[in-house]
Protein chains: 2
Amino acid sequence: MIDRLEFLIALASEQHFGRAAEACGVTQPTLSAGIKQLEGMFGVMLVQRGSRFIGLTEEGERALEWARRIVGDARAMRQDMDAMKHGLVGHIRIAAIPTALAMIAMLTTPFRAQHPDVRFTVLSRTSVEALAQLENLEVEAAVSYIDNEPLGRVSVVPLYRERYRLLTSADSEFGQRDHVTWAEVGRIPLCLLTPDMQNRRIIDKLLRASGTEPAPTLQSNSMIVLYAHVRTGRWSTVMPAKLAETLGLTDAVRSVPIVDPEETHTMGLIVPDREPMTAMTSALVKEAKRLAKVLEPSLAAGAESLRPRPIV
Amino acid sequence: MIDRLEFLIALASEQHFGRAAEACGVTQPTLSAGIKQLEGMFGVMLVQRGSRFIGLTEEGERALEWARRIVGDARAMRQDMDAMKHGLVGHIRIAAIPTALAMIAMLTTPFRAQHPDVRFTVLSRTSVEALAQLENLEVEAAVSYIDNEPLGRVSVVPLYRERYRLLTSADSEFGQRDHVTWAEVGRIPLCLLTPDMQNRRIIDKLLRASGTEPAPTLQSNSMIVLYAHVRTGRWSTVMPAKLAETLGLTDAVRSVPIVDPEETHTMGLIVPDREPMTAMTSALVKEAKRLAKVLEPSLAAGAESLRPRPIV
DNA sequence: TGGAGCGATTGAAAATTGCTATCGAAGCTG
DNA sequence: CAGCTTCGATAGCAATTTTCAATCGCTCCA
């Protein structure tokens, strides 16, 4: 039964019977039959039938929600039983947005000190991709904004607030200032993330609110690229303070707080809302809470509350 | 896989391989092998092996939590797909505590008007039994106290507050009063529910707080028994106002508010906290919210809030 | 010490599963 | 529009898995 549900998930994700089958490690007829079995068992069509894959039916979409949940729990159960066997052993995959990548080390390093047999995969993703991967069980956790775009059915641990800095060379127009306004930032040429990144959208919004149309002279989906350009002394960029600290400043590069408005956005660890949590997830959550206490005590205090009872 | 998990649940509930097998509709060797397969798949012992069933291991208990969840979701998925097929058809089982039994009709009647193909089973249970049955997937919903003893992983819809009345004959000591105190109630002979009922424990606590030791002259686990005794004109009892209204008063029986302290306890509909909810559950929740608005507008207002995002 | 109860084991029958090969419909191309 | 490709469905067959009836061995208790 559960393997059929995996077929459905794969089919929805690949939108193609053959590729879905390959992803599941079975042949196409097997996957085809599996879907047909689900349809028979429920007595409803799940996929729109045509000469090729068109899409799921309404019932199929609903079934997909359940399938994701059940398959997710089944995998979590496996992981959890493994953890009961050997202590925490295994693999955590984390999807993080580019501006959060540098701080992941603050999470993974103390975690590994406590659980040496856990391996990590950290993926750079847009916030939308990160949530999608969490949903599709392709990662165990995500680090992204938790106060902006709507999240799905997840639990969050607030980690810190992003405060923005202008990174610019010491001898540039604002290189010696102790703060600049967004309006001023808007006047100089910038390297920024690509617009699929939420950080870029936030910066765009702040620039527009201050009356300038964002027109970066260079954009990339990697912070490394932006930073490398700033290091040449000829470019500027905007990045969160935490990230600027991690990258380290040189004599040539200064980090200038941007004010007016001094807007902040909260970053957090996002994990599937599953009860019981797997031992792995709950260890990660525990570490994240500890980290939050260090990074931003005010946030952490609020997050200490127990899980509220859902009132529907 | 899922059927094996059902084996585990049945085994935990029956504490006996043979009976568990029967409950699952398989033979004992099949169930035995199923459990062994789970153990093999996870690489851990789930049951304490001995000449007879002793209990689950620690890992087994943990696995049981997951199994309940996964099996519950799988059943919910089936129900939900059925509902998508024919509209709302099927069976809702509700466990309610005795003092709430009368108001169930206010939930089921309008529900059935909208969904004529749904059948109901309403079971009278103690609050502890009701929650256990909800947990074991033996009922779809419960109606019980939501502000006293801790609930499990469930969603609640507050319905109304229980306010207590003395039901007594018109010609008895307090028959003409417009209120009595708990201390006064403690002085007269009462028929009360048995102590396994939470309502009884609440009343006991209130009586003790007012300085009398509860010593009912008759106790029963059925409100009907209590009411029948009061109707004879020779007995008194304490019951929630809502229930007293439903049973209807005669000239001979009066309902006197009890004050000092005028304590109230909240009753609510309790359903599994599952996302997505089945069509059935969500229709029931919707009806319960509507009912709450009629019964106790102040409560309903608070309950309108969306499900809070869990912050762990 | 013998019987009853419980769970494990065994071997054979039955059911299910998954594969290869192939088909037919639809879309694309020259 | 013929030929080619892609996609999903179907058929037949081999392998695996599942289930059951029968029975065994252990333990507890009378």
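To find a chain, count down the sequence lines: A is the first, B the second, and so on, and within it residues start at 1.
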Any N/O pairs under 3.5 Å between the protein and nucleotides 11-20 of chain C? List them or say none.
unit_1: C:dT17; atom_1: OP1; unit_2: A:Arg4; atom_2: NH2; d: 2.7
unit_1: C:dT17; atom_1: OP2; unit_2: A:Gln37; atom_2: NE2; d: 3.3
unit_1: C:dC19; atom_1: OP2; unit_2: A:Thr27; atom_2: N; d: 3.1
unit_1: C:dC19; atom_1: OP2; unit_2: A:Thr27; atom_2: OG1; d: 2.9
unit_1: C:dC19; atom_1: OP2; unit_2: A:Thr30; atom_2: OG1; d: 2.5

Could you list the protein-to-nucleotides 3-6 of chain C atom pairs, N/O on both sides, closer than 3.5 Å?
unit_1: C:dC6; atom_1: OP1; unit_2: B:His16; atom_2: NE2; d: 3.1
unit_1: C:dC6; atom_1: O5'; unit_2: B:His16; atom_2: NE2; d: 3.3

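Rounded to whole Å, atom C1' of D:dT19 lies 16 Å from atom CD1 of B:Ile35. Whole-Å rounding puts the B:Ile54 CD1 to D:dT27 P distance at 11 Å. Between the CD atom of B:Glu6 and the P atom of D:dT19 there is a distance of 12 Å, given to the nearest Å. When rounded to the nearest whole Å, the span between CD of B:Glu14 and P of C:dG7 equals 11 Å. Here the C1' atom of nucleotide D:dT10 and the CZ atom of A:Arg49 are 13 Å apart, to the nearest Å. Atoms CD (B:Glu22) and C1' (D:dC20) sit 15 Å apart, rounded to a whole Å.
Side-chain contact check for B:Met41 versus B:Met1: some heavy-atom pair is nearer than 4.5 Å. Contact of the B:Asn221 side chain with the B:Pro98 side chain is not registered, since no non-hydrogen atoms from C-beta on lie closer than 4.5 Å. Using a 4.5 Å cut-off on side-chain heavy atoms (C-beta onward), B:Ser144 and B:Leu131 make no contact. Two residues are said to be in side-chain contact when any heavy atoms from C-beta on lie closer than 4.5 Å; A:Phe42 and B:Met84 fail this criterion.
Not one side-chain nitrogen or oxygen of B:Lys36 sits closer than 4.0 Å to the OP1 or OP2 atom of C:dG7.
In this structure, B:Glu6 CD and B:Ile2 CD1 are separated by 7.5 Å, a value rounded to the nearest 0.5 Å. Interatomic distance, OG of B:Ser13 versus CZ of B:Arg68, reported as 8.0 Å (0.5 Å rounding).
Between the side chains of B:Gln219 and B:Arg200, at least one donor N or O lies within less than 3.5 Å of an accepting N or O.
At a threshold of 4.0 Å, the pair B:Asp204-B:Arg201 does not count as salt-bridged, since none of the basic side-chain nitrogens sits closer than that to a carboxylate oxygen.
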